[in-house]
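Here the structure comes first, spelled out in structure tokens, and everything after it is commentary.
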Amino acid sequence: MTDLTTAPTIRVGALPPAVVNLLTAVLEAIDLPYPASMGWQEAHDRILNERVLHAKLALRSVLDDSSLGLDWDADYLREKLAQHPVKGYVTNEQAKAAMAEGKSWAEAVTLPAGEDR
């Protein structure tokens, strides 16, 4: 078992910039805002699943040593993430902001007109 009282042997600042870049891109892929309600869970999960698939492929490329370079993989991952933007559902933060503006819960969790599901 890992001893959580021992200081880490390698800190993020000691990692090569290309590794940090790839780790940041992977986090961007999976760090989606929470949906405001269960009604938006399916849209959130669909987007997350697509983005996780691309993150997995990037990591697999690196670990299988078939990568064109870590920065290339990070850039390619970000290109793929742009094809699966975080939209089409109301986030928890969006709903809270709408309610702070005086909207009702029903109004706050309704997707604005023009946004696709």
field: Hydrophobic cluster membership, L59 vs Y76, 4.5 Å side-chain cutoff
entry: no
task: Answer whether the closest heavy-atom distance between the side chains of V52 and I30 falls below 4.5 Å.
output: yes
task: Only counting residues at least two apart or in another chain, list the ones meeting side chain to side chain contact (heavy atoms under 4.5 Å, CB included) with L53.
output: L57
query: Taking the side chain from W40 and the backbone from Y34, do they hold a donor-acceptor pair closer than 3.5 Å?
result: no
statement: Closest non-hydrogen atoms of A25 and L81, given as atom of the first, atom of the second and distance, are O-CD1, 3.9 Å
message: Could you tell me if the side chain of D73 sits less than 4.5 Å from the side chain of L77, heavy atoms only?
response: no
- line: Nearest heavy-atom approach of Q94 to Y89 is OE1-O, 3.6 Å
statement: Interatomic distance, CE@M99 vs NZ@K96, rounded to 0.5 Å, equals 9.5 Å
statement: For A36 and A95 the tightest heavy-atom approach is CB-CB, 3.6 Å
- prompt: Looking at residues at least two apart in the chain, or sitting in another chain, which of them share a side-chain hydrogen bond (donor to acceptor under 3.5 Å, both in side chains) with E107?
  reply: S104
- prompt: Between atom CZ of R60 and atom CG of L63, what is the distance when rounded to the nearest 0.5 Å?
  reply: 6.5 Å
- prompt: Are the side chain of E50 and the backbone of I47 linked by a donor-acceptor contact shorter than 3.5 Å?
  reply: no
- request: Could I get the full list of side-chain hydrogen bond (donor to acceptor under 3.5 Å, both in side chains) partners for N92, not counting sequence neighbours?
  value: none
message: Going by side-chain hydrogen bond (donor to acceptor under 3.5 Å, both in side chains), name the residues that satisfy it together with S66, two or more places apart in sequence or in a different chain.
response: none
- prompt: What do the steps show when you test N21 against L70 for side chain to side chain contact (heavy atoms under 4.5 Å, CB included), and what is the final call?
  reply: CA-CA 8 Å; N21 186 29; L70 297 180; over 6 Å; no
- prompt: Who passes side-chain hydrogen bond (donor to acceptor under 3.5 Å, both in side chains) against D45, sequence neighbours left out?
  reply: Q41
- request: Please list all pairs passing the salt bridge (charged side-chain N to carboxylate O under 4.0 Å, His left out) test where one or both residues lie in residues 15-28, with sequence neighbours left out.
  value: E28-R78
task: Might you point out which heavy atoms bring V86 and P33 nearest each other, and give the distance in Å?
output: CG1-CD, 3.7 Å
message: Quick one, R51 and H54 - any side-chain contact, counting heavy atoms below 4.5 Å?
response: no
message: How long is the straight-line distance from CG of L22 back to OG of S67, given to the nearest 0.5 Å?
response: 8.0 Å
- prompt: Does V26 belong to the same Ile/Leu/Val/Met/Phe/Trp/Tyr cluster as L15, with side-chain heavy atoms less than 4.5 Å apart forming each link?
  reply: yes
